[in-house]
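Written out below as structure tokens is the structure these notes cover.
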Amino acid sequence: MPNYELIQQDGLETSLLEVSMGPHHPSTHGVFRMDVKLDGETVVDLKPVFGYLHRNHEKLAEAMSYLASMPFTDRLDYFNSMTNNWAYALAAEQLIEIEIPERAEYLRVIMSELTRLVNHVSLVGFFVNDLGALGTPLLYAFREREKILDLFEQASGARMMCNYFRFGGLRCDVPEGWLDRTREVVDRFPKFLDEYEKLLCENEIILSRTQGVGNLSKELAINAGITGPMLRASGVNYDIRKVDNYGIYDRFKFRVPYSKGKVGDCYDRFMVRMLEMRESIEILKQALDGIEAGPIMGNAGKVFKPAKAEAYGRVEAPKGELGFYLVADGTTQPYRYRVRPPSFINLTVLQDMCIGQQVADAVIILGSIDIVLGEVDR
Amino acid sequence: MNWELIGDILLATVPLLVIFPSMFALTTWVERKALARIQNRIGPNKVGVPLTPYGGNLSLFGLGQPAADGIKMLFKENIVPTGADRLFHLLAPILSLIPAMLVLCFLPLEFPWLNGEQNSVKAFMLDGAVIFFFAITGLNTLAVFMAGWASRNKYSLLGGMRAIAQMVSYEIPLVLSAVVVVMIVGSLNAAEIAEAQAGWNWYVFQPWGLAAFVIFFIAALAETNRSPFDLPEAESEIIAGYFTEYSGFKFALFFLGEYIAMFAISGLAVTLFLGAGGGPGVEALPWLKVIWFLAKVCILIGVMIWLRGTLPRLRVDQLMGFAWKFLLPLSILNIFIAGFAWHAKKANEGTAVSVIVWVAALIILYAAAKGLDHVNRAKVKPRTYQYGE
Amino acid sequence: MSLLGGGIFKGMAVTLRNFVGSYFDKERLTTKEYAWRTDDKLPERAGDYPKEEAEQLSDTTTVTHYSRNFPMLLHDEGEPMDTVRCVACQICERECPPQCIYIEKSKDKMERGGNKAQFYPATFDIDVSVCMSCQICVEVCPFDAIVMNSQFELSTPDRFGGLLLRRDDLLKSNDYYHKIHPEEAAARDKRIADEKAAKEAKKKAAEEAKKKAAEAKAKAEAEAKAKEEAESAEKPAEAPAPTHTDAKKEDNGE
Amino acid sequence: MSEAIPHESVLQRFPEVEWDEEFGTLIVPATKATEVAIWLRDDDSFRLDYCSNVTGIDYLDREFKEKVKNEEGKTETIIHKDPARMEVVYHLYSMEKRTGPLVMKQRTTREKPEAQSLTPVWRSCELQEREIYDLFGINFTGHPDQRRILMWDEFVGHPMRKDYVEPFDYEWEPTPHDEILEKHQKGKVIF
């Protein structure tokens, strides 16, 4: 509790109100808990507590073959199974010599950007829900999300737990007509975004609720390893798609929106996500134009058995940098398997952002960080 | 015993006790349905006439939903937390319902079966009806805090505290905006206010009346804990606020109380600004007055639902700031403007002058509101972003 | 200068448009009205269907032909157990990430579909309370014997027994597979047919080669004989022995 | 991919630091870690301002058998020894220069695992080092708030260690063929 003193008076006994927000609280996005100390409604101290969903995913993965962990990566950030798959495939592909076919690379980009749309659109919905909007934006978002999930289902058989990527390519090709359907969805998306922006971006209540709340300075954001939209909202131009150019991202023309100021607040985080969706649509359009027929699986062997090596693969997941660190010891099982979950590390600064704000702000700050407990607790 | 009087009272009050609770039941359905449509859902659509197996063709757009909800509420377990104050925990929901029900009597509802001699009990022609209204609705605050405190739950307590602060603050702009009408009419009697607006002479068509109506409506939203001022029960922050620990029938009572309060305050708004029962055809068919009155109330309720489906919630300090720094100065200014406009109109008979007064008053009020808004939210505005390659 | 409360009015216009639109524009609707069964009958308890009815209902209990949920065992036309493709090789059991498959190999071998006699699964259980629908068993199966079902009405009052799908529950015909996943099934059948054709062609080629070799051998022998006869040499002709390298499957190293 | 960072200057400046050719990582002795980290963060040629991933690895005493063909064409089995140790791995990037990663490791013994906390250098280590402490049992000196993070406070042991044996009262989800189910039927396990 840094530098805080209660007002004490004779004959008046005052103390802080300790509230345990969570693990079942409507807006902690899962089984997350904040131990909050309140002076009135002002947050004086906040300690994040989690681990309720901990299943030691890393330990499980170390006891099974490389491929068998792939479906488990879906369950990390269950909103974005495609990017999780990609990050894991990227790390594993560094362990062996493998060439990924052109079509698979294109499909990976398409899936990943669709995932980004799904995540951002529903995150904005959840965020406004945390602001108290009774779910209207959320349900609009879910309607659009549903269309994209339908596409995922058609491609991979499952809506959320896609398990679609394989080392060296993809599990199966997309069905006939899938690309046309995707183009239809992508072409319609900007119209929806216009409506969404009209509903939210100028609303005075949202503006006054989010601006100046949950300030995160550029220096702290970099030092605390914040990644993704949250980092860019603090004014850092850093996008792994641009920096690493993994996959075939160097072929696409897109821009990375980031804040003009040196301090990011909840409004910046919300707006950066809104703007990023437009860029994702640009990438999707280019990818849908560029994709050609061809094989979707590389020359990977039937058994994945890399030599002794270490690899760290990272992608720009919708929530930030998702990395997989693999240590291979020459067997079919990874010796060490580690997930670098973006929402877990983005929580580092929760306390710094919340202190001095109100309870209602703590909730939206948490919402603007964009956590998924499957990933935080692993 | 004056049996006739008792009969008259019953004739006047029983309809109130029938109409409004049944309107409550209907409103819950309308609200769910409307919110669903706003959110592009369908809403309740299966519960229809009971005892037809699986709804069948008698689902009637889910009109049976309120009845089903009511039955469910009745049979749910009544849970009182350990360590809660059982007496006050029980009293709170009852106390929140009573004042809301009580003030319904002062609405100028002219039922067709009440005329002539019986008209004397028409809505309890109390001379201080408006004052009495505010006095009684103020009791609601007590019930809410009682619930918050008796639940022995930190969220409830926070909700109760919020409710007190909010209701006390918004009482002031509420009363001040009502004062304008009282001032112009020169009476606190609801029936007289209604009469003064007969024949499209509604106060909402006056610039000061419009401003007062808007202020009154916003304050009424806050008074009845409706979105965007539903802070005492903010589900994303403090679970359900003061009724976190309520279940079953007690919860239903709170729910009922809240909706009846909504009707009551909308009824007052209709009385003060929207010409009470006035509307087309009332001269020929006086019983239409009741219909018009209830229709207007329903429209206001509809707007409340619409707002609830659109807006997020304010923060506590912003909520208070809005009341004290925006609504209060504006409503005080409005009193002066109303006075000036009334005198100007009275001194000069003529359309030109009244149009000038009308427009000038509106411009002054809008400019004042704009200025206050600018002062209060100087730093808050949309931003632009840069792009990196 | 913007309108006072302009953002709020804009938002309200959007919600109003959505409110009205939801009545006219079906595209806008987030949810769809749940259709009752044509015969207006709800299942009393999902586990309570008689077997025939369950088979019949399975058409209506699949969601879309893209979706997958739990695995099923394929059999070709004929009696399920006579034509089951599974040979109880237990690869899926080993590879299953949540370890939800349990197989017991049969003691005897059985001949199926003209192939040589193979083992068959004496027990094949999938615990769908553990299964996570990842489809890895489908991928690793070398016999195309296991594919994904898409039946979704699986609720049962029995936690241990009811969610354990036994071999006989899992057996589904290839026709059923075609019904629920037409595209996928067609592609799979085509691949199997291609593989079979390729195998056949290879076999044929091998046979022909053998034949040729035999002919060549005969010819050579004849020639040699002729030569022998002609030259009366004592040299027997040598036929080239086919080099048969058995590529051993790489051990998993577990 | 962003370019790899040359590491030679680190070795020159800190003679204690080793370079692991096999994996391409810097091995920093636990006593020097903070010093090296601060230098890596602040030196103009590195500017590694962003510590992405922090994790532990537990190596048991292991022997690797490798089959190598010698000149005569015979296969020989060479036995590599992998000593027991614990490592804390840091993946460092530079946001300013957009370079990375440079992998840095702190090595420590298994018996008394102890490492220097780099949380004062990079805040991003805070939760991750707590996680390592929780799951591997590596003690970070200088960590501001070293508590268990994913497991509950009363938990005994460190589950990510390779020799961790889960206790019998572990909450099993009984499956119909599990040994647990058999025990359940015999009435030995209480769910």
Side-chain angles (χ1 to χ4, degrees), chain A residues 17-21 25-27 38 40-41 128-140 143 199-213 232-233 235 237-239 242 253-261 267-268 271-272 275 279 358-364 367, chain B residues 31-32 34-42 153-159 161-162 165 226-231 233-240 244 305-322 326 373 376-389:
Chain A
L17 183 68
E18 287 182 40
V19 184
S20 166
M21 291 179 85
H25 183 280
S27 50
L38 301 176
E41 285 223 9
V128 185
N129 219 23
D130 285 346
L131 284 169
L134 208 97
T136 308
L138 182 66
L139 278 152
Y140 295 168
R143 182 185 63 216
L199 177 64
L200 304 175
C201 290
E202 284 173 46
N203 190 313
E204 279 83 358
I205 297 178
I206 294 182
L207 289 184
S208 42
R209 275 300 298 277
T210 53
Q211 293 196 350
V213 169
R232 292 191 281 280
N237 177 15
Y238 191 80
D239 188 320
K242 288 279 187 198
K253 224 171 108 52
F254 66 101
R255 304 173 302 168
V256 180
Y258 64 103
S259 166
K260 276 180 179 163
Y267 182 74
D268 288 329
M271 278 306 287
V272 161
L275 296 173
E279 300 304 316
Q358 310 259 312
V359 188
D361 293 335
V363 165
I364 63 165
Chain B
E31 175 150 26
R32 288 176 70 167
L35 280 176
R37 284 293 172 173
I38 280 176
Q39 296 169 353
N40 291 328
R41 293 183 287 115
I42 292 169
N153 179 322
K154 285 167 185 167
Y155 294 116
S156 302
L157 190 65
L158 280 174
M161 300 291 239
R162 281 181 176 193
R226 293 290 297 186
S227 177
F229 307 106
D230 51 347
L231 281 111
E233 53 207 68
E235 83 283 341
S236 66
E237 295 145 27
I238 48 172
I239 323 287
T244 306
I305 294 170
W306 183 13
L307 281 168
R308 188 172 175 216
T310 313
L311 296 180
R313 178 182 306 121
L314 283 165
R315 202 172 56 204
V316 187
D317 55 332
Q318 290 165 351
L319 176 96
M320 305 302 280
F322 188 64
F326 185 83
D373 178 59
N376 288 344
R377 306 186 308 126
K379 282 185 190 162
V380 177
K381 51 173 135 356
R383 295 177 192 159
T384 52
Y385 290 83
Q386 54 188 346
Y387 289 93
E389 282 300 323

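From a predicted model like this one, the values you see are computed outputs, not experimental measurements. Lettering of chains follows the sequences in order, A, B, ..., and the numbering in each one begins at 1.
- Here CG of A:Leu275 is found 11.5 Å from CD of B:Gln386. Values are rounded to the nearest 0.5 Å.
- Note on B:Ile239, B:Asp317, B:Asp373: by heavy-atom pairs under 4.5 Å with chain A, the leading option is B:Ile239.
- Comparing B:Ile238, B:Leu314, B:Leu35, B:Leu231 by heavy-atom pairs within less than 4.5 Å of chain A, the highest count is held by B:Leu314.
- Proximity to chain A involves both the backbone and the side chain of B:Pro382, based on heavy atoms less than 4.5 angstrom apart.
- A:Leu139 CG to B:Asn40 CG: the interatomic distance, rounded to the nearest 0.5 Å, is 8.5 Å.
- Heavy atoms of A:Ser20 lying under 4.5 Å from chain B belong exclusively to its backbone.
- In this structure, chain A has a heavy atom under 4.5 Å from the side chain of B:Gln318, while its backbone stays farther away.
- With values rounded to the nearest 0.5 angstrom, B:Arg313 atom CZ is found 9.0 Å from A:Asn129 atom CG.
- Both the backbone and the side chain of A:Asp268 come within contact range of chain B, each with at least one heavy atom under 4.5 Å from a heavy atom of that chain.
- What you find for B:Leu158 and A:Gly40 is that their closest heavy atoms are CD2-O, 4.0 Å.
- Interface remark: A:Leu38 contributes side-chain atoms only to the contact with chain B (heavy atom separation under 4.5 Å).
- Of the residues considered (A:His25, A:Glu202, A:Gln358), A:His25 shows the highest number of contacts with chain B, using heavy-atom pairs under 4.5 Å.
- When the candidates A:Met21, A:Lys253, A:Glu41, A:Arg232 are compared by the number of heavy-atom contacts under 4.5 Å with chain B, A:Glu41 comes out ahead.
- Under the side chain to side chain contact (heavy atoms under 4.5 Å, CB included) rule, B:Thr310 has a single partner from A:Leu134, A:Leu199, A:Ile205, which is A:Leu199.
- Here the straight-line distance linking atom CD1 of A:Ile364 with atom CZ of B:Arg315 works out to 7.5 Å at 0.5 Å rounding.
- Heavy-atom distances place the backbone of A:Phe254, and not its side chain, under 4.5 Å from chain B.
- Looking at B:Leu157, neither its backbone nor its side chain comes within 4.5 Å of chain A, counting heavy atoms on both sides.
- In this structure, the separation between OG1 on A:Thr136 and CG on B:Leu311 is 9.0 Å, given to the nearest 0.5 Å.
- Residue A:Tyr140 comes nearest to B:Ile38 through the heavy atom pair OH-O, 2.6 Å, listed as atom of the first residue, atom of the second, then distance.
- Closest heavy-atom contact between B:Tyr387 and A:Tyr258: C-CE2, 3.8 Å.
- Interatomic distance, A:Leu207 CG to B:Arg377 CZ, rounded to the nearest 0.5 Å: 7.0 Å.
- Scanning all heavy atoms of the two residues, the minimum distance from B:Ser236 to A:Gly132 falls at OG-N, 4.2 Å.
- If you measure heavy-atom distances from A:Arg209 to chain B, the contacts under 4.5 Å come from both the backbone and the side chain.
- By number of non-hydrogen pairs under 4.5 angstrom with chain A, the leading residue of B:Lys379, B:Arg162, B:Arg41 is B:Arg162.
- Interface remark: A:Lys242 contributes side-chain atoms only to the contact with chain B (heavy atom separation under 4.5 Å).
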